Every structure is written in C-alpha cells, then in structure tokens.
Amino acid sequence: MDTIILKDIRKVYKNGVEALKDINISIKAGEIVGLIGPNGAGKTTLLNIILGLLKPTEGVSKILGVDTDKMTKRERKKIGFILDGPGLYDDLTVDENIKFWSELYEVSQIRGEALLNQWGLYENKGSLVKELSAGMKQKLAISRAFLHDPSIVLMDEPTSNLDPVARKNMVEFLKSLHDKEKTLLITSHDLFDIERICSRIILLRKGQIVVSGNMEELKEALGVRMGVTIKVSNKIPDDIINEISKDSEINVIGEKELILSGDKISPPSVVRYLVNKGIDVERVEEEKVTLEDIYTYIVKEDEE
Ligand SMILES: Nc1ncnc2c1ncn2[C@@H]1O[C@H](COP(=O)(O)OP(=O)(O)OP(=O)(O)O)[C@@H](O)[C@H]1O
C-alpha cells in the first residue's frame, strides 16, 4: 500500500519562486526513502507539503489515503517528524516538553523517559530547552518524533548537530527500522548516512526529480561507470602493453597497473590474458561508486 502519494505537485511561493514542479512520488509502507539535492532544491518545501504545513499550488498530496491538508488527529497520531530547526518549546524543560507531547499523542510518559535514556538526555530532564546545546535539542526532537511510535516519520536533516557517537547511534537506529515496517522519508546532505540507511533515493534538483531508485538503479540511469584496477607484481613487457593499449577501455598506468573502465570490458578475461602471458596478478580492485560520486556527477553537470 502507498502511504505517501504526491501527484503532479507544483509549488510557487508568493515571491514567485517556483520551488517544486512535476513532482510525482509514491512511497510504500515500510520503505525508507532518502531525499537529497543541492541547497534550494525544494526538499524542505516537499516535506512541509507532505505534512500539510504548506499547500501546493497545484497537484495532490495524500498520506495514508487522506489529502494532507485534511488530516485528522487519527492520521496525525501515525506521523512523526523532525523539521528544520528542532521546533521545541524553549521556555519549558526537557521533561515538560515530553509531557506536553505525550498528552497530545495520548501516550504514556514512560515511553518518553525511555527515549530520553536512549539518547543520553535523561540527566538533562530538568533543563530548560533554551539552555541545551544544539545537539541536545536535536536529540530531544528525535525523542519527540518517535514518542508515539509512529508508522510514518518525516525527517529534515535528522543527524545535524549530532556528535559522531550520537550520529552513529542515529544511523543504526534508523537502519533497524527496516525490520519494523516503518515508512521513513529523510532529507540530508550527509550522503554517506543516506546511502547506509535508505532503500531508495530521490534526487531533487531545481524543484524537479532528476532520478529515483536504489543505488544500482541510480548508477544505471545516470550511466555512471565502475572502474576496475588490476595490479601486477612484475613489469608488463612493452609488447604486451602495446597490445593491451589498443583497447580503448583499458588504461595502462606505469608498468604494473591497468585501469579498466567501460561497459564492454570483462575484468576476468583481462586477468586470464595476463596470467597466460606469465604475468602475476597481485590485486584486482573494484572501484565502488558511492552516492557522493553520483551526486557530484549530477551537480557538476549542473555547473557546466
Ligand atoms: N517561505 C518561502 N518563501 C519564498 N521562497 C521560499 C520560501 N521557502 C523556500 N523558498 C525558496 O524555495 C526554494 C526551495 O527551498 P527549500 O527550502 O525547499 O530547499 P531545500 O532543498 O530544503 O534547501 P536546503 O538544502 O538549503 O535546506 C528555494 O529557492 C527557496 O529560496
């Protein structure tokens, strides 16, 4: 079942900025989706539309089958969110914030305490939110987002301001939700985290979807090529270098290294060829294409 549906969404702000156009997205229950893109691509605008906080200029936005601007308490209780900026009550204590949200969501405060414990905030229970560090506020925002055990969670930069240990815990926590049938939509500039957490990635640029899919699908859609390096232990004789260099998909680096890149090249057959010529192959390394590589590839194209 699709839990989030966006159909032909367009958003033009009052100042005339067209933040989103032709946005069509369906997110199924249990999917963990990463929304990435350069500054100003429209990610926050999209999250706000899904949460019903912003009205699209055109198009339909539904969550759990209901138009997002017509959500009732029933749907809202199934949704958690972390928005840009923690959105907490600054003049209340950590505890009072948790109590407020627990009452609103009609859940026991004990769960809130367990979350504060999980995020290392228990000892700050009595502190005023305005006196917390940015990372502590973020941890409280995370606790609030998961307080009512929502089935859908929308997160704008969830790992921002977190220290390395807390960030690692957050990534592990989000990854663990794959087994719990939670639907997550996460925006982040931390592509390493997004690659580790998400089963699908949507890349937004200038208000439009450039590409959407899992890592393999993104690579294929963008024609990002994978390189393979073959290192040999003895010097490759000149006649063999000359022979190999005829293939445009093989680059010979120095006397002991070959870089293969292209769709048609077969690394095993090159290794077999070298071994048959009496050359010892020391190592074959596959260059891993990361989400950062894919992103840079697109953004670079944008600049050209
Ligand atoms: N309230 C607003 N009024 C007018 N224009 C806005 C408003 N909010 C955002 N915009 C514009 O809409 C576009 C998309 O902004 P948005 O905040 O959605 O991008 P983003 O992808 O979340 O960016 P970032 O990565 O910097 O957070 C930008 O051009 C921005 O200037």
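Residues: numbered from 1 along the sequence shown. Bear in mind the structure is a predicted one, so any value in this text is a computation, not a measurement.
Cluster annotation: Ile27 is not connected to Val66 through the hydrophobic network of ILVMFWY side chains, with a link wherever side-chain heavy atoms come within less than 4.5 Å. A single hydrophobic cluster is seen to contain both Ile197 and Met215, as judged by linkage of ILVMFWY side chains at heavy-atom distances under 4.5 Å, directly or through other members. One hydrophobic cluster, built from ILVMFWY side chains closer than 4.5 Å, holds both Ile298 and Leu291. Note: the hydrophobic cluster containing Leu104 also contains Val107 (ILVMFWY, side chain heavy atoms under 4.5 Å, direct or indirect links). Residues Ile5 and Val33 do not share a hydrophobic cluster, defined by chaining ILVMFWY side chains whose heavy atoms lie under 4.5 Å apart.
Remark: Tyr13 OH is packed, more than 12 non-hydrogen atoms of other residues, nucleotides or ligands lying under 6.0 Å away. The environment of Lys55 atom NZ is sparse: at most 12 non-hydrogen atoms of other residues, nucleotides or ligands sit within 6.0 angstrom. Within a 6.0 Å sphere centred on CD of Gln109, heavy atoms belonging to other residues, nucleotides or ligands number more than 12. Within 6.0 Å of the CD1 atom in Ile253, the count of heavy atoms belonging to other residues, nucleotides or ligands exceeds 12.
Using a cutoff of 4.0 Å between basic side-chain nitrogens and carboxylate oxygens, Glu217 and Arg200 are not scored as salt-bridged. Between Glu103 and Lys99, at least one side-chain nitrogen of the basic residue sits less than 4.0 Å from a carboxylate oxygen of the acidic one, meeting the salt-bridge criterion. Glu216 has a carboxylate O that lies under 4.0 Å from a charged side-chain N of Lys219, or vice versa, which qualifies the two as a salt bridge.
Once rounded to the nearest 0.5 Å, the distance linking CG of Leu218 with CD1 of Ile202 reads 10.0 Å. To the nearest 0.5 angstrom, Met170 atom CE is 5.5 Å from Met155 atom CE. Considering OH of Tyr295 and NE2 of His189, their distance stands at 6.5 Å, rounded to 0.5 Å. Separating the CG atom in Leu20 from the CG atom in Asn48 is a distance of 10.0 Å, to the nearest 0.5 Å. We find the CG-CD1 distance between Leu35 and Ile25 to be 6.5 Å, quoted to the nearest 0.5 Å. The CD atom of Glu131 lies 10.0 Å from the CG atom of Asp90; values are rounded to the nearest 0.5 Å.
The shortest distance between side-chain heavy atoms of Thr187 and Leu204 does not fall below 4.5 Å. The closest side-chain heavy-atom distance from Lys7 to Asn24 is below 4.5 Å. At least one side-chain heavy atom of Ile4 sits less than 4.5 Å from a side-chain heavy atom of Leu154. Proximity of Leu6 to Ser61: side-chain heavy atoms (C-beta onward) are separated by under 4.5 Å at one or more points. Looking at Glu257 and Asn251, their side chains never come closer than 4.5 Å, going by heavy atoms from C-beta outward. Using a 4.5 Å heavy-atom cutoff, the side chains of Thr183 and Lys28 are not in contact. Put simply, the side chain of Ile152 does not reach to within 4.5 Å of the side chain of Lys78, judged on heavy atoms. When side chains are defined from C-beta on, Glu292 counts as touching Thr296, because their heavy atoms get closer than 4.5 Å.
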* **Trace of the salt bridge (Lys or Arg N to Asp or Glu O under 4.0 Å) decision for Asp280 with Lys256** => CA-CA 10 Å; Asp280 285 337; Lys256 293 186 177 178; over 6 Å; no
* List the steps, then state whether side-chain contact (heavy atoms from CB on, under 4.5 Å) holds for Asp163 with Lys139. => CA-CA 10 Å; Asp163 64 51; Lys139 288 175 186 175; 4.0 Å; yes
* Evaluate the side-chain contact (heavy atoms from CB on, under 4.5 Å) criterion for residues Ile244 and Leu274: first the C-alpha distance (whole Å), next the side-chain angles of each, then the deciding distance (0.1 Å), finally the verdict. => CA-CA 10 Å; Ile244 292 171; Leu274 293 169; 3.8 Å; yes
* Stepwise, does the side-chain contact (heavy atoms from CB on, under 4.5 Å) test hold for Thr93 with Lys125? -> CA-CA 7 Å; Thr93 64; Lys125 259 175 37 157; over 6 Å; no
* Between Ile201 and Ile36, is a side-chain contact (heavy atoms from CB on, under 4.5 Å) present by the stated rule, with each step listed? -> CA-CA 7 Å; Ile201 292 144; Ile36 62 169; 3.9 Å; yes
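Of all the heavy atoms in Asn234 and Gly278, the pair that sits closest is ND2-O, 3.7 Å. Listed here is the closest heavy atom pair of Met136 and Asn124: CE-ND2, 3.7 Å. When all heavy atoms of Ile240 and Lys277 are compared, the closest pair comes out as CD1-CB, 3.6 Å. Closest approach of Cys198 and Ile186 over heavy atoms only: SG-CD1, 4.3 Å. When every heavy atom of Val228 is checked against every heavy atom of Pro267, the shortest pair comes out as CG2-CG, 3.9 Å. Closest non-hydrogen pair, Leu140 versus Val94, comes out as CD1-CG1, 3.8 Å.
Judged by distance alone, the side chain of Arg144 and the main-chain N or O of Ile82 form no donor-acceptor pair under 3.5 Å. Between the Arg111 side chain and the Phe146 main chain, a donor and an acceptor come within less than 3.5 Å of each other. Side-chain atoms of Gln138 come within 3.5 Å of backbone N or O of Glu157 as a donor-acceptor pair. Side-chain atoms of Glu75 come within 3.5 Å of backbone atoms of Thr72 as a donor-acceptor pair (strictly under, hydrogens ignored). In this structure, Asn97 contributes its side chain and Tyr89 its backbone to a donor-acceptor pair below 3.5 Å. Distance alone, capped at 3.5 Å, places no donor-acceptor pair between the Thr3 side chain and the Leu64 backbone. Put simply, the side chain of Ser199 gets close to the backbone of Ile32: a donor and an acceptor are under 3.5 Å apart. When atom types are taken as modelled, the side chain of Asp22 and the backbone of Asp8 share no donor-acceptor pair closer than 3.5 angstrom. Of the possible polar contacts, one joining the Asp247 side chain to the Glu249 backbone as a donor-acceptor pair under 3.5 Å is found.
The one candidate from Thr159, Asp190, Asn161 that meets the side-chain hydrogen bond (donor to acceptor under 3.5 Å, both in side chains) condition with Arg167 is Asp190. Here the options are Ile63, Leu46, Leu83, Thr68, the test is side chain to side chain contact (heavy atoms under 4.5 Å, CB included), and the partner is Leu51; only Leu83 passes.
For an aromatic pair to be called close, the ring centres must be under 6.0 Å apart, and Phe173 with Trp119 satisfies this.
With hydrogens and angles left out, the side-chain atoms of Thr290 and Asp293 include a donor and acceptor closer than 3.5 Å.
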